Amino acid sequence: MPSPRAYWKGSLKLSLVTCPVVLYPATTSVEKTKFHMINTETGNRLKQQMVDSETGDVVETEQKGRGYEVTKGEYVEIEKDELEAVQIESTHTIDIDSFVPRDEIDKRYLDNPYYIAPDGKAGVDAFAVIRDAMKDKDRVALARIVLTSREHVIAIEPLGKGLLGTTLRYPYELRDEDAYFDDIKNPRISKDMIELASHILDTKAAHFDPSKFKDEYENALKALVRRKASGKPIKAVAREEKASNVVSLMDALKQSLKGRGGGKTSGKSHARRATGRQRSAKKTQRSAARRRKAS
């Protein structure tokens with residue numbers, strides 16, 4: 001198996017400790033099914049061309065430029081050298097600025113993950129020192145890195161023998177949740193309903209196991225392509241009709257408990273009933289003893 005190709009090479013710096021490192025993308029879309037646009041008459045692949053939105057003429061490479069829309073339909077052209085003048089110079093250094101508690105990082109800021117590994121044998125010791133020191137603290141390093149001409153904040157934490165670096169979004173890239181949640185009402189929900197819902201949650205308690213994730217659509221696409229390529233007929237799958245009956249929220253919660261996974265809850269219910277019977281039996285025994293004593 002060929003060695004993976006590094007996405008970025010540079011140095012990881014913690015105060016005066018520096019070590020050469022490489023970054024590899026931690027995710028891939030290679031396995032996803034992709035389609036190309038083709039001419040259905042010739043079977044040939046299509047290619048895209050840039051055309052002028054007004055004249056409809058094809059624009060050649062040397063005529064293409066960048067423009068920022070200042071008003072509707074009016075653009076200010078930005079020259080290539082002007083753009084290069086404001087680009088941040090890549091220092092090829094991941095400079096650690098601070099260490100923050102892991103649980104303080106809002107998950108909405110997490111962007112793209114990368115594997116960080118030592119580059120060659122020379123920096124292994126320094127790399128191990130930084131990695132192992134971070135293992136002793138439940139904190140994540142925040143650093144700066146330049147990727148594709150833009151500076152990013154990257155969160156770094158130990159992962160096995162290496163480090164996991166995740167670029168973070170800037171605040172202006174996040175949408176304000178109030179715009180989406182403000183209109184949500186706060187209805188009065190009975191305690192019984194919440195308890196029933198809590199029991200349902202208990203019956204579905206599990207551990208995070210991504211090996212159980214199944215991309216049903218991707219699997220269906222692969223099966224479709226295989227059947228089509230082998231000349232087999234394609235059968236349309238009948239879709240299940242959604243139930244149209246409307247039930248109350250309380251009924252829905254009760255039916256959920258009776259369904260899959262309801263055994264755990266019913267076990268607790270049986271235990272409570274058994275305890276109640278034991279208490280009643282003890283009361284009966286005490287009453288009989290008092291009557292015998294009185295006589």
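None of the values given here were measured: they were computed from a predicted structure.
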Check whether the side chains of Asp95 and Thr93 place a donor and an acceptor atom closer than 3.5 Å, and report yes or no.
no

Which residue pairs satisfy the side-chain hydrogen bond (donor to acceptor under 3.5 Å, both in side chains) criterion with at least one member in residues 48-58, sequence neighbours excluded?
Thr55-Asp57

In Å, rounded to the nearest 0.5 Å, how long is the span from CD of Gln255 to OG of Ser248?
8.0 Å

side-chain contact (heavy atoms from CB on, under 4.5 Å) with Tyr170: which residues, sequence neighbours excluded?
Glu151, Val153, Tyr172, Glu173

Are the side chains of Leu168 and Ile154 in touch, meaning some heavy atoms are under 4.5 Å apart?
no

Nearest 0.5 angstrom please: Asn112 CG to Leu23 CG, how far?
11.0 Å

Would you say the side chain of Thr18 lies within less than 4.5 Å of the side chain of Leu12, judging by non-hydrogen atoms?
no

Would you be so kind as to tabulate the donor-acceptor pairs closer than 3.5 Å made by side chains of residues 25-33, with sequence neighbours excluded?
unit_1, atom_1, unit_2, atom_2, d
Thr28, OG1, Val30, N, 3.1
Thr33, OG1, Glu218, OE2, 2.6

Pairs involving residues 205-239, ordered by first then second residue, that meet ring pair (Phe, Tyr, Trp, His ring centres under 6.0 Å) (sequence neighbours left out):
Phe208-Phe213

Check: Gly73 main-chain N/O paired with Glu69 side-chain donor or acceptor under 3.5 Å:
yes

For Tyr68, is the OH atom crowded, meaning more than 12 foreign heavy atoms sit under 6.0 Å from it?
no

Is there a donor-acceptor pair under 3.5 Å between the side chain of Gln63 and the backbone N or O of Glu60?
yes

Sorted by chain and number, sequence neighbours left out, salt bridge (charged side-chain N to carboxylate O under 4.0 Å, His left out) with Arg150 holds for none

Selection residues 154-168 - residue pairs positive for salt bridge (Lys or Arg N to Asp or Glu O under 4.0 Å), sequence neighbours left out
Arg102-Glu157

Quick one: ring-ring contact (aromatic ring centres under 6.0 Å, His included) partners of Phe99, sequence neighbours excluded?
none

What do you reckon, is NZ of Lys232 surrounded by more than 12 foreign heavy atoms closer than 6.0 Å?
no

By the salt bridge (Lys or Arg N to Asp or Glu O under 4.0 Å) test, which pairs, at least two apart or in different chains, include something from residues 6-21?
none

Tell me the salt bridge (Lys or Arg N to Asp or Glu O under 4.0 Å) pairs involving residues 110-123, sequence neighbours left out?
Asp111-Arg169

Hey, is CD on Glu41 packed in by over 12 heavy atoms from elsewhere, all under 6.0 Å?
no

Donor-acceptor list for residues 177-193 side chains, cut-off 3.5 Å, not counting sequence neighbours:
unit_1, atom_1, unit_2, atom_2, d
Glu177, OE1, Arg108, NH1, 3.2
Ser190, OG, Met193, N, 3.3

Please lay out, stage by stage, how Ile156 and Ile94 fare under the test side-chain contact (heavy atoms from CB on, under 4.5 Å).
CA-CA 10 Å; Ile156 303 171; Ile94 304 175; 3.7 Å; yes

According to side-chain contact (heavy atoms from CB on, under 4.5 Å), who are the partners of Val51, at least two apart in sequence or on a separate chain?
Val58

Going by the ring pair (Phe, Tyr, Trp, His ring centres under 6.0 Å) test, which pairs reach into residues 105-148, not counting sequence neighbours?
Tyr7-Tyr114

Tell me whether Lys135 at atom NZ has more than 12 heavy atoms from other residues, nucleotides or ligands lying less than 6.0 Å away.
yes

